[in-house]
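Naming convention: chains lettered A, B, ... in sequence-line order (proteins, then strands); numbering from 1 in each chain.
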Amino acid sequence: MIGKKLSLKADVIVGIGDLSKMTGVSTRQLRYWEEKGYIQAVPSKKNTTRKYKFEMSYKVQAIKRYLDQGYTLAKSVEQAEELRKKFEIWKKFIMDKVEKVEIVDAENDYGIIDLGDLEGDQNKRVYGVVDENGCHFEVRRQPDMDK
DNA sequence: GTTCTTACA
DNA sequence: TGTAAGAA
C-alpha cells in the first residue's frame, strides 16, 4: 500500500469567484446548483459568503463536462456522481494492489507496475506494462529474493 | 472589489 | 441562466 500519504491533503478552501474562474461555471450557476443540492459549500455559521472545498472543483468540472456534452443538469450531476463512485473503486484497487512502479523510459512515460502475487499462485507475479505498444498485463515468475 | 439576494428578461 | 440593482 503506497497511497496512504497521498490522502494527507490539506483542505484548501476557495470562494465562489475562484471556483467560477477555475471551472468556467458562472457564479449564478454555482449558487443555483447549490440551492438544488447538486453541490455543497462548507457549512459555516458565521460567514455570509460561500466557501467550497477545493475538491468540489472536480465535481463542478465534471458536471460542466457532461453539460457541455448535452446532458441535462440533473443527468450531468448523476453522471458526475457515478464517475466519482467509480473513481473511488478504482482508487481503492490501485492503492491496495500497486506495490511498486518502475520507470523504464522517463521520456515516453513507459514503465512497469508491480501488482503483486497472482491470487492462488505465489510463484507468479502480475505486472502492468506500459510501453510503445500501449498497456498490457504480464504474468512472470516470482523473482528470487535478494536476501 | 467581491458576494448576496431578489427580480426581471 | 444572464444581468442589474441595492445592501453588506
Engineer: In whole Å, what is the span from the OH atom of A:Y52 to the P atom of B:dT2?
Structural biologist: 17 Å

Engineer: Let me spell it out: for each of A:T48 and A:T27, pick the nucleotide of DNA chain C with the closest heavy atom. Which residue's pick is nearer the 5' end?
Structural biologist: A:T27

Engineer: I need the single residue from A:K100, A:K97, A:R125 that forms a side chain to side chain donor-acceptor pair (under 3.5 Å) with A:D114. Which is it?
Structural biologist: A:R125

Engineer: Take the protein atom CD of A:E34 and the nucleotide atom C1' of B:dT3, then report the distance between them rounded to whole Å.
Structural biologist: 12 Å

Engineer: Looking at A:Y71, I'd like to know if its OH atom is crowded, meaning that more than 12 non-hydrogen atoms belonging to other residues, nucleotides or ligands lie closer than 6.0 Å.
Structural biologist: no

Engineer: Can you tell me the distance, in whole Å, between the NZ atom of A:K21 and the P atom of B:dT3?
Structural biologist: 7 Å

Engineer: How far apart are the closest heavy atoms of A:V60 and A:L30, and which atoms are they?
Structural biologist: CG1-CD2, 3.9 Å

Engineer: Considering just the side-chain nitrogens and oxygens of A:S26, establish if one lies under 4.0 Å of OP1 or OP2 belonging to C:dG2.
Structural biologist: yes

Engineer: Nearest nucleotide by nearest heavy atom, which residue falls closer to the 5' end of DNA chain B, A:D18 or A:R28?
Structural biologist: A:D18

Engineer: Find the distance A:I16:CD1 to B:dC4:C1' and express it as a whole number of Å.
Structural biologist: 9 Å

Engineer: Between atom CG in A:L30 and atom P in B:dT3, what is the gap in whole Å?
Structural biologist: 11 Å

Engineer: Please pick, from B:dC4, C:dT1, C:dG2, the nucleotide with the shortest atom-to-atom distance to any side-chain atom of A:R31.
Structural biologist: B:dC4

Engineer: Specify the separation, in whole Å, of atom OH of A:Y38 and atom C1' of C:dT1.
Structural biologist: 14 Å

Engineer: To the nearest 0.5 angstrom, please state how far the CD atom of A:Q69 sits from the CD atom of A:Q79.
Structural biologist: 8.5 Å

Engineer: For B:dC4 and A:R50 - does any side-chain N or O of the residue sit under 4.0 Å from the phosphate oxygens OP1/OP2?
Structural biologist: yes

Engineer: Measure the distance from CD on A:E35 to C1' on B:dA7 and round it to the nearest whole Å.
Structural biologist: 14 Å

Engineer: Figure out the CG/C1' separation between A:L19 and B:dC4, and round it to whole Å.
Structural biologist: 16 Å

